[in-house]
2 protein chains.
Amino acid sequence: MNTPADGTAEHAHTTAWIASVLRTRIAAGELTPGSKLSEEPLCAALGVSRNTLRQAFTTLVGESIVTRIPNRGVFVASPGVEEVREIYRVRRMIEPAAVLWGELTPQVLDGLEAIVQRAQQARDSGSVPAMADANQALHGAVVALTGSASLQELMDRVLAEMRLVFHSMASAPDFHSHYVDRNVTLVKQLRAGERQEAAEGLRAYLDEAEAELLVHLGAEQDRRSAMRQRAG
Amino acid sequence: MNTPADGTAEHAHTTAWIASVLRTRIAAGELTPGSKLSEEPLCAALGVSRNTLRQAFTTLVGESIVTRIPNRGVFVASPGVEEVREIYRVRRMIEPAAVLWGELTPQVLDGLEAIVQRAQQARDSGSVPAMADANQALHGAVVALTGSASLQELMDRVLAEMRLVFHSMASAPDFHSHYVDRNVTLVKQLRAGERQEAAEGLRAYLDEAEAELLVHLGAEQDRRSAMRQRAG
DNA sequence: GAATCCAAGATTGTTCAACAATATTGACCA
DNA sequence: TGGTCAATATTGTTGAACAATCTTGGATTC
């Protein structure tokens, strides 16, 4: 195997490694939603053959991080209104379920509280990305209460798709700050053992977040179609 | 492309087609859990190249229908005790969640009742496979209440893994018959709008089913290790 | 006779080059 | 300006090749 351009050492499973590289780049916003991933340039850039790259593509398609259109190529997934609805359909089921029936040990509760504090600190210091990270971490930790790797994986995929949604919005307004307090009360309710109330509050929270996100997304799409009209 | 041995016509996307062929054969029990899927024989049998077959493998690995061991090959997944536990961790979350918060239209309820009746008829006529199918269909339909394609997909994967579990048990005893009645009451409760009770009953049902399945599976593993000892 | 070690053979992981099938582009024409 | 069609580019699939790894069989040693 030729060593790639950036000099990274060889890896046992090139396919999995390539997939993770692309995954990371997309999550970081380096590859923006909707952009095309042409095979030949990418092969050259990554120093692998077309076959291995294509194999990596199929795993990413399976994770719905990337969309493949037959004979047209693969593109970074760009979630729209319907995808956001699906995301919240999933979250409205598994997050409250985790709250109702998950295993709540003192250690886990401590972990949740630590995450919430991180979010509060990020809000106080005005760091929006850190706040977004902490919020996502909290909801991931909630799903972890289920103890199920499959549900955790599904939730990870959903959160990755959420990041894509945020990346596709040019103006990332202060979407997270007014949800920090709700997360605080959520964890407090869990600490108090009020699962029923926590689940209901969480469902209401998710309803609101979805509605707000859909408004932003609709405005964004309007903006784009306007630009397209102006440009085309 | 050479036409495959069985004469099936060409397809637009060979990779996806090969994956679905293998998926079907595994679900049908034609390829038993644990058996190795060697590349060269399969290529010849399916009439595709190694590269396409390997690409199909990666998608099946993503669906955890098949396990890949580096430099050793891919094998039909053979779920054990831990996998069964994980299956029921998932089911205990998403099925009751669907019951609690899913959308219950009269049409959907009619559909559920039709499936339950199918199960009852299968039990009366003594057809175990038909009964198993109906039971699986019912629980799939329950998850469909969520309206989420992702959750439906996850449930489909879980049910496929369940089939693998049954396939790996030499003696498939009457595992399903005494659960038909519980499904009847579940649908009755849904019709009456008693979601809370339905969800709790469902969770109890899943607990029992898991315990019973684990007993069978443990016995099966004991039997196998005994055979291995006798043979080796 | 049983255990260990090693080399030959077989299988998988990856790459390369080629061709067929399909999509995109741009020129040409009405 | 708008539409049609050929030239071009990209993707989908194949076959062969090679390196890396695993497996198998036999030879050696105790």
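Chain identifiers are assigned alphabetically (A, B, ...) following the order of the sequence lines, protein sequences preceding nucleic acid strands; residue numbering begins at 1 within each chain. Keep in mind that the numbers below use all heavy atoms, side chains included, and drop hydrogens, waters and symmetry copies. Everything numeric here is computed off the predicted structure, so don't read it as measured data.
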All ring pair (Phe, Tyr, Trp, His ring centres under 6.0 Å) counterparts of B:Tyr88, not counting sequence neighbours: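 Checked B:Tyr88 against ring pair (Phe, Tyr, Trp, His ring centres under 6.0 Å); zero matches.
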[X] [atom1] to [N] [atom2], straight-line distance once rounded to whole Å:
| X | N | atom1 | atom2 | value |
| --- | --- | --- | --- | --- |
| A:Leu42 | C:dT15 | CG | P | 14 Å |
| A:Glu40 | C:dT15 | CD | P | 15 Å |
| A:Glu39 | C:dA23 | CD | C1' | 14 Å |

Short side-chain N/O contact from B:Thr14 to OP1 or OP2 of D:dG12, under 4.0 Å: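 So the side-chain polar atoms of B:Thr14 never come under 4.0 Å of the phosphate oxygens OP1 or OP2 of D:dG12.
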Presence of B:Thr15 side-chain N/O under 4.0 Å of D:dG12 phosphate oxygens OP1/OP2: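 Result: no.
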Near-strand residues of residues 49-68 of chain A, defined as heavy-atom separation under 4.0 angstrom from DNA chain C: A:Ser49, A:Arg50, A:Asn51, A:Thr52
For [range], which residue pairs qualify under salt bridge (charged side-chain N to carboxylate O under 4.0 Å, His left out), counting only residues two or more places apart or in two chains?
| range | value |
| --- | --- |
| residues 53-75 of chain B | B:Arg23-B:Glu63, B:Glu39-B:Arg54 |
| residues 151-164 of chain A | none |
| residues 75-86 of chain B | B:Glu82-B:Arg89, B:Glu86-B:Arg89 |

For B:Ser78, side chain to side chain contact (heavy atoms under 4.5 Å, CB included) partners two or more places apart: B:Pro33
For B:Ala132, all residues meeting side chain to side chain contact (heavy atoms under 4.5 Å, CB included), sequence neighbours excluded: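 With sequence neighbours excluded, B:Ala132 shows a side chain to side chain contact (heavy atoms under 4.5 Å, CB included) to B:His176, given in chain and number order.
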Pairing residues for A:Glu212 by the salt bridge (Lys or Arg N to Asp or Glu O under 4.0 Å) criterion, not counting sequence neighbours: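 Listed in chain order: nothing, the list is empty.
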Flag for B:Thr58-A:Thr58: side-chain donor and acceptor within less than 3.5 Å: yes
Protein N or O to nucleotides 20-24 of chain D N or O, pairs below 3.5 Å:
| unit_1 | atom_1 | unit_2 | atom_2 | d |
| --- | --- | --- | --- | --- |
| D:dT23 | OP1 | B:Arg72 | NE | 2.7 |
| D:dT23 | OP1 | B:Arg72 | NH2 | 3.4 |

